[in-house]
Amino acid sequence: MSHSNTSAASWAEWFDRSAKHYKDPMMKMAYYLDGQTGTPVSLEVMQATYRDIWNKLMTQPQHTVLDVGCGVGLFIKEYAARAKNIIGTDTSLQMIKAAQKNNPRNDFFVCAADQLPFNDRQFDRLLCYGVFHYLPDEKTVKHTVAEFVRVVKPDGLIVIGDVLAETSPFSGPSAPKKVTRWWPAQLNHRLTKFKLPPNFFLDYCREKNYPCEILEQHIPGRILPDSRYDVRIRVKK
Ligand SMILES: C[S@@+](CC[C@H](N)C(=O)[O-])C[C@H]1O[C@@H](n2cnc3c(N)ncnc32)[C@H](O)[C@@H]1O
């Protein structure tokens with residue numbers, strides 16, 4: 001069936017549809033052009049994103065890592081040689097097919113972020129980048145964080161990257177910028193992204209006794225219309 005003239009009914013459908021475009025850096029980095037100069041988002045910005053997240057994950061060569069909502073597996077490709085093993089999951093079958101093609105030596109699973117088919121305490125590190133704004137509500141966010149804590153080893157780290165907020169918790173470079181949106185016409189949609197203030201994570205983690213930090217993004221040159229931040233949770237010993 002052709003979708004070229006229809007708008008996606010859900011994020012799940014939209015991601016299945018966008019998987020084939022998603023390797024393109026401009027697509028990956030969310031389709032924004034610099035409002036002032038009209039310059040597409042560059043490969044340098046992607047490299048800066050990988051570096052920023054790598055620094056936050058603090059992965060060591062002997063670590064086993066889970067990438068939840070891995071999309072086409074770009075982070076896995078970048079990090080694979082630097083960890084013992086990285087497994088990817090995503091709700092979108094088309095994304096997982098592309099991820100497997102891009103990373104033939106890694107294992108992938110189709111599953112929701114709050115229903116991971118793994119044992120308790122299986123991973124040293126868990127990354128979930130650019131996924132939480134597609135979750136439907138706060139209840140699902142809480143289930144998802146609890147599921148992450150379940151599968152990570154004591155003293156392991158969880159990095160939830162690129163969470164959207166209504167307003168920036170930081171001043172300066174993280175503040176929203178004026179941008180022009182660009183993507184192929186067949187990917188137009190009327191879906192909305194879910195925004196969460198950092199205090200949501202801080203309050204929930206305090207209640208559960210999970211040590212949690214809100215981290216500013218260090219991605220020079222990245223231009224986005226929304227405020228975004230990263231969250232790092234340490235699983236207790
Ligand atoms: C913006 S992409 C990010 C992909 C990848 N993490 C990256 O940064 O390259 C969001 C991904 O999250 C996936 N996703 C959305 N909701 C999800 C959920 N509830 N559980 C797992 N994956 C989900 C989508 O299918 C999509 O591949």
Side-chain angles (χ1 to χ4, degrees), residues 8-32 41 43 45-54 56-57 59 65-80 86-103 106 108-118 123 125-148 150-151 158-164 181 183 187 189 191-196 217 219 222 224-226 228-231:
S10 67
W11 281 117
E13 187 200 330
W14 189 82
F15 276 112
D16 258 357
R17 231 194 259 188
S18 65
K20 64 174 175 289
H21 301 279
Y22 223 69
K23 223 179 146 190
D24 177 341
M26 285 210 310
M27 294 295 297
K28 162 68 190 80
M29 293 312 288
Y31 331 101
Y32 298 113
V41 171
L43 213 56
V45 171
M46 288 184 70
Q47 293 295 341
T49 309
Y50 298 140
R51 264 195 313 276
D52 186 32
I53 288 297
W54 186 254
K56 287 169 178 164
L57 267 179
T59 308
V65 182
L66 181 64
D67 184 357
V68 176
C70 65
V72 299
L74 297 178
F75 281 83
I76 296 176
K77 194 164 185 146
E78 183 69 21
Y79 298 156
I86 311 186
I87 291 176
T89 74
D90 203 287
T91 38
S92 160
L93 175 62
Q94 297 309 324
M95 286 287 184
I96 287 296
K97 281 185 178 170
Q100 185 75 77
K101 206 166 158 194
N102 293 333
N103 301 277
N106 295 77
F108 293 92
F109 296 82
V110 177
C111 61
D114 62 346
Q115 291 183 322
L116 299 173
F118 304 110
F123 299 95
R125 298 288 183 264
L126 187 150
L127 170 64
C128 184
Y129 194 86
V131 177
F132 270 51
H133 40 279
Y134 304 111
L135 298 182
D137 51 38
E138 293 187 355
K139 193 173 157 201
T140 309
V141 172
K142 288 181 180 178
H143 280 161
T144 303
V145 174
E147 184 68 343
F148 290 179
R150 181 184 72 75
V151 300
I158 296 165
V159 173
I160 301 169
D162 221 28
V163 183
L164 264 63
R181 204 182 275 267
W183 55 45
L187 292 181
H189 67 76
L191 304 167
T192 53
K193 293 179 180 173
F194 183 53
K195 297 188 177 181
L196 276 170
Q217 299 187 327
I219 311 175
R222 192 181 190 199
L224 291 168
D226 344 82
R228 294 170 185 237
Y229 58 94
D230 300 334
V231 180

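Indexing begins at 1, ligand by ligand and atom by atom, following the structure's order. Since the structure is predicted, the reported quantities are computational estimates derived from the model, not experimental observations.
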For G130, the ligand 1 atoms whose distance to one of its heavy atoms is below 4.0 Å:
1 (C), 2 (S), 3 (C), 10 (C)
Counting from 1, what ligand 1 atoms have a heavy atom of G71 closer than 4.0 Å?
4 (C), 5 (C), 27 (O)
Is there a polar contact, in the sense of an N or O pair closer than 3.5 Å, between A112 and ligand 1?
no
Given L127, I86, I158, I87, the one that forms side-chain contact (heavy atoms from CB on, under 4.5 Å) with L66
I87
Looking only at N/O atoms, are D90 and ligand 1 under 3.5 Å apart anywhere?
yes
As a check for students: among I53, T91, D114, D16, identify the option with a heavy atom nearest to atom 22 (N) of ligand 1.
T91
For N106 versus A80, what's the shortest heavy-atom pair and its separation?
OD1-CB, 4.5 Å
What are the two closest non-hydrogen atoms of L126 and L57, and how far apart are they?
O-CD2, 3.9 Å
Do the rings of F15 and Y134 sit parallel, tilted or perpendicular, given the 30° and 60° boundaries?
perpendicular
So which bit of F15 gets within less than 4.0 Å of ligand 1, heavy atoms only: side chain, backbone, both or neither?
side chain
So if I count the atoms of ligand 1 from 1 in the order they appear, which ones are less than 4.0 Å from some heavy atom of L135?
19 (N)
Could you report the tightest heavy-atom contact between E147 and L116, atom names first, then the distance?
OE2-N, 2.8 Å
Does M95 reach ligand 1 with a nitrogen or oxygen that is under 3.5 Å from one of the ligand's nitrogen or oxygen atoms?
no
For V72 against N103, the heavy-atom pair lying closest together
O-ND2, 4.1 Å
Using only heavy-atom distances, determine whether the side chains of T49 and D52 contain a donor-acceptor pair under 3.5 Å.
no
How close do N102 and K77 get, counting heavy atoms only, and between which atoms?
O-NZ, 3.7 Å
Taking distance alone, with N or O pairs closer than 3.5 Å, would you say Y134 contacts ligand 1?
no
What atoms in ligand 1 come closer than 4.0 Å to a heavy atom of S92?
25 (O)
Would you mind telling me if ligand 1 is within reach of the side chain of V72, the backbone, both or neither, using heavy atoms under 4.0 Å?
neither
Within the structure, is a non-hydrogen atom of F75 found at a distance of less than 4.0 Å from ligand 1?
yes
How does A19 reach ligand 1, by side chain, by backbone, by both or by neither, if only non-hydrogen atoms under 4.0 Å count?
neither
For W54 and Y79, take the angle between the two ring planes, folded into 0 to 90°, and tell me which bin it lands in: parallel under 30, tilted 30 to 60, perpendicular over 60.
tilted
